[in-house]
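Please read all numbers here as calculations on a predicted model, not as lab measurements.
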Amino acid sequence: MGKVDFLKDFRDGKKIIAISKLIEKEIDRPINIMEVCGGHTHTIMKYGLKQILPKEIEFIHGPGCPVCVMPKERIDHGIALCQNEKNILVTLGDMIRVPGSESSLAKERSKGKNVKMVYSPFDVLKIAQENPDKNVIYFAIGFETTTPMTASVMEKVLENKIKNVFFHVNHVLVPPPIKAIMESKEARIDAFIGPSHVSVITGAKIYKEIVDSYKTPIVVAGFEPVDIMESVLKIIRQFKENKREVEIQYTRAVNWEGNIKAQKLIEKYFEIRDTFRWRGLGDIPFSALKIKDKFSFLDAEVVFKDILPNKPVDDHKLCICGDILKGIAKPYECKVFGKACTPENPLGSCMVSSEGACAAYYKYGNPEVFKQ
């Protein structure tokens, strides 16, 4: 088997156009497709896939961005933790820019608070070794994709008997918010493009209950434009053949069972929370993970519970990020999009995150095109 050339094989313009013509030929009804993952949203926008697909295809942007769905009260936890000069708060990527109720981790860092952004959770171990007199608190975020890495860091902490590392866990799950969106019936969704990185860990099996319950096809797609186009074609053919199934387009990385070793590592250290509050979606039962009680000495929510605020906080009144995450609004429908709310000065998390729908529209979009 020859080496795969992603630019040639999965971004080939002729192939993309050929698939679009097949879709145009075979589609026989309007279909609203929610792409759950923000990475797919960016591919759709970056390569202008909406513009070359027939008007019967409508993309709806879902809640698959870990930064976008984080509620303000969880950001407030991080801000409270970094106020103690003995604490170092560590987190990934865009999270430090997400506004809490009154500040953000980035603003706190500019005031001198000890907030560090890392690209790998394992950097936490090095920071802890370099700062033995400090509490290093890892503000863990992400869906099923990043949870195994947090579990691996926990395992290293225990193996090496490191005493100054704690975990503030914000790992969330994909199926519960999809069910919540379908149960609300606010958004009209006919099918889903399933997230790819999550599915590498979980396997495609986690979507079967959703397909069976709501009779909505789910096709797990890769991130390249040909992947998205092939997934749309698979969805159309399911409707033509009156099928409602889980399909895997991204077979080069995803199978039905997923990464069993990673799943066992997650099960070793985490259990499902009774409920978790999502930005824009509210409280969703059994939608996130927490550290098991036997490892509570690592749990920042237990160890530092006396200083953590416990008050739900609403989003900015002008921000419609919640409605965008629920699939009932588009970024260009927001009054402050591209005006008061920009990537340089975000009011909502969908503009902060590199995977956010608002950031994608701001970077690639022409609002007048998408209104058509």
Side-chain angles (χ1 to χ4, degrees), residues 66-67 70-96 98 100-101 103-109 111-173 262 265-277 288-311:
V67 173
M70 196 63 62
K72 287 186 174 182
E73 51 265 39
R74 303 295 290 187
I75 308 297
D76 287 351
H77 278 197
I79 291 170
L81 289 167
C82 73
Q83 299 308 306
N84 188 330
E85 63 180 19
K86 193 175 179 182
N87 294 343
I88 299 174
L89 191 85
V90 182
T91 193
L92 299 173
D94 297 327
M95 183 54 68
I96 71 166
V98 179
S101 60
S103 183
S104 69
L105 292 172
K107 289 180 180 177
E108 295 304 309
R109 186 171 67 173
K111 296 175 186 174
K113 301 297 187 281
N114 211 337
V115 177
K116 294 185 181 299
M117 186 183 76
V118 295
Y119 292 100
S120 167
F122 288 96
D123 290 342
V124 169
L125 302 174
K126 182 181 178 185
I127 294 169
Q129 290 168 349
E130 292 174 346
N131 299 274
D133 58 333
K134 301 284 189 181
N135 301 315
V136 178
I137 303 166
Y138 179 49
F139 193 83
I141 65 168
F143 286 87
E144 292 91 334
T145 316
T146 53
T147 311
M149 287 187 283
T150 302
S152 294
V153 176
M154 293 175 71
E155 187 135 288
K156 290 294 182 186
V157 165
L158 294 173
E159 285 177 356
N160 294 301
K161 297 182 171 58
I162 300 172
K163 302 298 184 184
N164 63 328
V165 173
F166 305 91
F167 297 81
H168 188 283
V169 171
N170 302 279
H171 286 301
V172 290
L173 306 172
L265 193 60
I266 293 171
E267 291 170 5
K268 182 177 179 179
Y269 292 104
F270 297 108
E271 61 188 11
I272 295 177
R273 290 177 187 266
D274 291 337
T275 188
F276 189 84
R277 192 166 195 246
L289 300 176
K290 64 185 285 287
I291 296 175
K292 285 185 173 179
D293 288 346
K294 65 185 293 187
F295 302 111
S296 62
F297 56 92
L298 296 174
D299 190 342
E301 290 187 76
V302 174
V303 175
F304 303 103
K305 64 181 179 182
D306 292 338
I307 64 169
L308 297 180
N310 189 27
K311 180 182 177 183

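- Taking CE of Met70 as the start and CZ of Phe139 as the end, the distance is 5.5 Å to the nearest 0.5 Å.
- Contact record, Val169 with Leu289: CG1-O, 3.6 Å, taken as the closest heavy-atom pair.
- For the pair Val157 and Phe167, the tightest heavy-atom approach, listed with the atom from each and the gap, is CG2-CZ, 4.2 Å.
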Decide yes or no on side-chain contact (heavy atoms from CB on, under 4.5 Å) for Phe270 and Met154, but give the supporting numbers first. CA-CA 11 Å; Phe270 297 108; Met154 293 175 71; 3.7 Å; yes
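- Put simply, the side chain of Asn164 gets close to the backbone of Asn131: a donor and an acceptor are under 3.5 Å apart.
- Residue Glu130 holds its CD atom at 11.0 Å from CG of Leu125, rounded to the nearest 0.5 Å.
- Counting only distance, with no hydrogens or angles, the side chain of Ser296 and the backbone of Asp299 share no donor-acceptor pair below 3.5 Å.
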Which is it for Lys290 and Glu301 under the salt bridge (Lys or Arg N to Asp or Glu O under 4.0 Å) test, yes or no, and what are the steps along the way? CA-CA 9 Å; Lys290 64 185 285 287; Glu301 290 187 76; over 6 Å; no
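- Considering CD of Glu108 and CD1 of Ile75, their distance stands at 12.0 Å, rounded to 0.5 Å.
- Rounding to the nearest 0.5 Å gives a distance of 5.0 Å between CG of Leu308 and CG of Leu81.
- Using a distance-only test at 3.5 Å, with no hydrogens or angles considered, no donor-acceptor pair links the side chain of Arg109 to the main chain of Ser104.
- Crowding of Lys126 atom NZ: a count of heavy atoms from other residues, nucleotides or ligands under 6.0 Å not exceeding 12.
- A salt bridge between Lys311 and Glu73 is absent, with no side-chain N of the basic residue lying under 4.0 Å from a carboxylate O of the acidic one.
- Under a cut-off of 6.0 angstrom, the local environment of CD in Glu85 is sparse, with at most 12 non-hydrogen atoms contributed by other residues, nucleotides or ligands.
- A side-chain donor-acceptor contact under 3.5 Å links Asp76 to the backbone of Ser101.
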side-chain contact (heavy atoms from CB on, under 4.5 Å), that's the test. Do Ile137 and Val124 meet it? Break it down for me. CA-CA 8 Å; Ile137 303 166; Val124 169; over 6 Å; no
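- Contact between Ala128 and Ile162 at its shortest, heavy atoms only, is CB-CG2, 4.3 Å.
- Minimum interatomic distance between Lys294 and Phe297 (heavy atoms only, all atoms of both residues): O-CE2, 3.3 Å.
- A donor-acceptor contact shorter than 3.5 Å links the side chain of Thr146 to the backbone of Ile141.
- From Leu298, atom CG reaches atom NZ of Lys163 across 9.0 Å, with rounding to the nearest 0.5 Å.
- The salt bridge (Lys or Arg N to Asp or Glu O under 4.0 Å) test applied to Glu267 returns no partner, not counting sequence neighbours.
- Other residues, nucleotides and ligands contribute only 12 or fewer heavy atoms inside 6.0 Å of the OH atom of Tyr119.
- When all heavy atoms are compared, the tightest approach of Pro121 to Met149 is CG-CB, 4.0 Å.
- Residues that satisfy the side chain to side chain donor-acceptor pair (under 3.5 Å) test with His168, not counting sequence neighbours, are His77, Asn170.
- Lys134 NZ: more than 12 foreign heavy atoms inside a 6.0 Å radius.
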